[in-house]
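The next block holds one structure in the form of structure tokens; read it before the comments.
Sequence lines set the chain letters: A, B, ... in the order given, protein chains first and strands last, and positions in each chain run from 1.
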Amino acid sequence: MKTKYREFLAIEITPELEGKKVRIAGWVHSVRRVGKIAFLVLRDFTGTIQVTFRVPRDADDETKAKFKELVKKVASLSPESVVMVEGVVRKDPRAPRGVEIVGENVEVLSEAKSPLPLDVAGKVDAHIDTRLAARPIDLRRPESQAVLRLVSLAAKAIRSYLYELNFTEVFTPKIIASGTEGGAQLVPVFYFGKDAFLAQSPQLYKELLTSSLEYVFEIAPAWRHEESDTPYHLAEFISVDVEMAFADYNDVMKVLENVIKRVTDNVRNEGSTWLKILNHEPPEVTLPIPRISYKEAWEIIKSEGFDIEPGEDFGTPELRKLAEVLEKEGKTSGGFFFIVDWPADVRPFYTKRKGKEIIGGRELDLSESFDLNWRHLEISSGSTRIHRREELEKEMSLRGLNPESFEWYLKWYDYGMPPHAGWGMGLQRLMVPIAGIPNVRLATTFPRDMKRLVP
RNA sequence: GCCGCGGUAGUAUAGCCAGGCCUAGUAUGCGGGCCUGUCGAGCCCGUGACCCGGGUUCAAAUCCCGGCCGCGGCGCCA
């Protein structure tokens with residue numbers, strides 16, 4: 001798109017434009033001066049283009065003097081300054097992309113101070129802490145930008161698939177009166193003099209919406225004030241939530257595995273430029289993604305020598321080992337696998353029960369629930385939900401929650417709530433295998449964690 | 001919250017265990033110089049740092065104590 005400041009983007013400068021006078025704008029990626037020539041590499045969000053400034057050999061003295069000044073001016077530009085450049089496109093095999101712009105004029109729109117907080121041109125790697133502290137500038141680095149590009153492509157793939165299935169994208173309130181689930185710590189806010197909280201999940205609202213829009217999804221932030229200081233936790237993360245009327249957990253697992261498939265395929269197709277920069281290939285996902293029951297998983301973990309009680313949730317070392325065993329036996333799809341039928345006790349109150357089973361010599365109440373893991377990392381979890389009020393109240397009481405404080409939610413179960421099921425997925429966690437990043441913060445524009453509130 | 005490791009120029013690192021040879025090395029950056037095709041340009045000159053406080057010692061970047069900060073692991077969770 002042509003704007004006041006530029007007629008072309010860096011990537012659009014091609015040999016076919018030979019001889020055309022163009023105006024472009026962007027950042028000073030680098031300047032190299034070789035004798036009387038100055039090479040300016042200009043960068044925008046599409047890439048880089050070299051602009052060459054030189055004194056023409058066969059020109060009059062006045063022109064020569066003008067260009068001599070220009071070369072000097074270009075050579076003195078500080079890296080990351082914002083400039084607008086005018087010049088003529090020239091096909092030249094000596095130029096990095098076989099084409100360059102012979103510069104005729106430079107206007108500095110914004111001068112960058114020196115030194116920079118980190119090396120944008122990327123000769124010296126910075127630590128993640130340095131990068132996040134200087135995130136606006138870190139994101140100018142192609143590697144950093146590539147990750148956010150892939151996040152965007154992933155979100156696009158999720159949306160397009162769910163729209164195809166007739167899901168409605170919804171937006172639920174993010175300021176709420178009470179917690180939806182036990183456990184996770186809520187982030188308090190002041191709300192017109194009342195105590196309120198930031199939503200830790202759209203769970204209850206998306207469930208209520210299945211009684212009208214039926215198939216709904218949301219991609220939005222969620223907040224958890226947990227004491228979780230790891231590469232996989234954020235105080236504010238992007239949650240992909242799906243909820244479906246007249247469906248059970250097997251139905252929504254199918255939706256989920258197709259979402260994963262669509263994301264990996266779409267990222268591979270449309271994101272090759274960014275994957276190449278990151279030197280990464282997303283996992284090859286074939287459907288169906290293998291399912292393993294909690295019982296089977298528990299038995300594998302137990303047989304690997306872990307001291308674990310029947311009905312206990314799995315810890316990270318246990319999940320690492322389980323994933324290792326399953327991968328060795330080819331029982332994952334590109335590292336993805338489902339663990340289904342969890343003990344009801346370790347799942348939230350709205351999870352539908354499934355009957356009893358003997359595990360490790362103990363009789364346990366199971367539930368119609370699942371986790372989707374990529375190796376040891378929990379990417380998503382979901383379940384068939386309870387759609388009867390009495391059962392919900394019972395489950396709340398069992399978990400020490402007071403049904404009265406959920407009356408605003410429960411009362412609508414008296415007026416025709418369909419059977420439904422759904423899941424929630426951490427978008428940044430999904431990006432760990434998709435973009436090959438070691439830390440979910442890198443898939444976040446400006447991450448919020450226990451220690452970071454700015455930038 | 002617990003455990004482990006760490007904090008040296010703008011960035012990334014060497015030095016620390018075995019205190020003195022550190023006037024703290026290197027890369028990159030930055031300032032200047034040479035060079036009319038660089039493309040991680042090259043060469044020359046210059047520039048800039050031991051997290052904070054206390055202690056041990058003739059002597060501390062180095063050893064000890066406390067604090068602050070960071071990274072990783074665990075727990076908890078998406």
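Nucleotides B:rG33 and B:rG72, compared at atom C1', are 46 Å apart to the nearest Å. B:rA49 and B:rU26 have their P atoms separated by 15 Å, given to the nearest Å. Separation of the C1' atoms belonging to B:rC5 and B:rC17 is 15 Å when rounded to the nearest angstrom. Between B:rG54 and B:rU13, the two C1' atoms lie 29 Å apart (nearest whole Å). Nucleotides B:rA60 and B:rA24 have their C1' atoms positioned 13 Å apart, rounded to a whole Å. Comparing the P positions of B:rG31 and B:rA41 gives a spacing of 15 Å, expressed to the nearest Å. B:rG10 and B:rG48: their C1' atoms are spaced 9 Å apart (whole Å). Across B:rU23 and B:rA59, the matching C1' atoms stand 16 Å from one another, rounded to whole Å.
Taking only side-chain atoms of A:Pro79, from C-beta outward, the nucleotide of B:rG37, B:rC30, B:rC77 with the closest atom is B:rC30. Closest approach to the A:Arg94 side chain among B:rC77, B:rG37, B:rG73 is made by B:rG37 (side chain taken as heavy atoms from C-beta onward). In this structure, of B:rU36, B:rG73, B:rG75, it is B:rU36 that holds the atom nearest to the side chain of A:Arg54. Taking only side-chain atoms of A:Pro96, from C-beta outward, the nucleotide of B:rU38, B:rG73, B:rG75 with the closest atom is B:rU38. The side chain of A:Pro231 lies closest to B:rG72 when the candidates are B:rC77, B:rG72, B:rG37. Distances from the side chain of A:Arg224 to the nucleotides B:rC74, B:rC77, B:rC71 place B:rC77 closest.
With RNA chain B read from its 5' end, the first of the two nearest nucleotides for A:Asp129 and A:Ser78 is the one closest to A:Ser78. For the pair A:Arg452 and A:Gly426, both in contact range of RNA chain B, the more 5′-proximal nearest nucleotide belongs to A:Arg452.
One can place CE of A:Met450 at 16 Å from C1' of B:rC68, the figure rounded to the nearest angstrom. Taking atom CZ on A:Arg90 and atom P on B:rG37, their separation rounds to 15 Å, with Å as the unit. The distance from atom CZ of A:Phe39 to atom P of B:rG40 is 13 Å, rounded to the nearest whole Å. When the P atom of B:rG75 is taken as reference, atom CD of A:Glu378 falls 13 Å away, rounded to whole Å. Distance, A:Tyr232 OH to B:rC71 P: 14 Å, rounded to whole Å. Following rounding to the nearest Å, A:His376 (NE2) and B:rA78 (C1') show an atom-to-atom distance of 13 Å. Remark: P of B:rG29 and CD of A:Glu80 are 13 Å apart, rounded to the nearest angstrom. Between A:Leu319 atom CG and B:rC77 atom C1' the separation is 12 Å, expressed in whole Å.
Rounding to the nearest 0.5 Å places CD of A:Gln200 at 13.0 Å from NE2 of A:His225.
Checked against a 6.0 Å centroid threshold, the rings of A:His420 and A:Tyr350 do not count as neighbours. When ring centroids are compared, A:Tyr294 and A:Phe370 stay outside the 6.0 Å threshold.
Backbone-only contact: A:Asn439 has heavy atoms under 4.0 Å from sugar-phosphate atoms and none from a base. Note on A:Asp229: a base of the nucleic acid sits closer than 4.0 angstrom, heavy atoms only. Within 4.0 Å (heavy atoms only), A:Thr230 reaches at least one base atom of the nucleic acid. Residue-level contact check: A:Val55 touches the bases, meaning some heavy atom is under 4.0 Å from a base atom. Nucleic acid contact class of A:Ala95 (heavy atoms, under 4.0 Å, all strands): base. If you check every strand for non-hydrogen atoms under 4.0 Å, A:Glu236 touches nothing. Within the nucleic acid shown, A:Gln50 comes within 4.0 Å of at least one base atom, counting heavy atoms only. Across all strands shown, A:Leu377 has no heavy atoms under 4.0 Å from either base or sugar-phosphate atoms.
The main-chain N or O of A:Arg452 is found under 3.5 Å from a side-chain atom of A:Asp449 such that the two form a donor-acceptor pair.
In this structure the side chain of A:Val147 never reaches within 4.5 angstrom of the side chain of A:Met431, judged on heavy atoms.
The aromatic rings of A:Phe167 and A:Tyr215 are tilted relative to each other, their planes meeting at an angle between 30° and 60°.
Of all heavy-atom pairs between A:Gln428 and A:Ala443, the closest is CG-O, 3.7 Å. Smallest separation of non-hydrogen atoms from A:Met425 and A:Ser380: CB-CB, 3.9 Å.
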Base, backbone or nothing for each nucleotide of nucleotides 3-12 of chain B, written B, S, -, heavy atoms under 4.0 angstrom, 5' to 3'?
-------SBS
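In this structure B:rC16 sits in no base pair that meets the Watson-Crick or G-U test at under 3.5 Å. As the counterpart of B:rU62, no nucleotide is assigned, since no Watson-Crick or G-U wobble pattern has both distances under 3.5 Å. Of all nucleotides present, only B:rC45 satisfies the Watson-Crick or G-U wobble test against B:rG31, with each distance under 3.5 Å. Pair assignment for B:rC50: none, as no Watson-Crick or G-U wobble contacts are both less than 3.5 Å. B:rG40 makes up no base pair with any nucleotide shown, lacking Watson-Crick or G-U wobble contacts both under 3.5 Å. Applying the Watson-Crick and G-U wobble criteria (two distances, each under 3.5 Å), B:rU56 pairs with nothing in any strand. Across all strands shown, the partner of B:rC71 is B:rG4, judged by Watson-Crick or G-U wobble contacts whose two distances both fall under 3.5 Å.
Of the charged side-chain nitrogens involved, at least one lies within less than 4.0 Å of a carboxylate oxygen, so that A:Arg159 and A:Glu169 count as a salt-bridged pair. A:Lys321 has a carboxylate O that lies under 4.0 Å from a charged side-chain N of A:Glu324, or vice versa, which qualifies the two as a salt bridge.
OP1 or OP2 of B:rC71 sits under 4.0 Å from a side-chain N or O of A:Lys451.
With hydrogens and angles ignored, no donor-acceptor pair under 3.5 angstrom links the side chain of A:Arg32 to the base of B:rG37. Donor-acceptor pairing under 3.5 Å, judged by distance alone, is present between the side chain of A:Arg429 and the base of B:rC77.
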Show your working on salt bridge (Lys or Arg N to Asp or Glu O under 4.0 Å) between A:Glu243 and A:Lys206 and close with a plain yes or no.
CA-CA 6 Å; A:Glu243 203 68 25; A:Lys206 67 175 178 172; 3.4 Å; yes
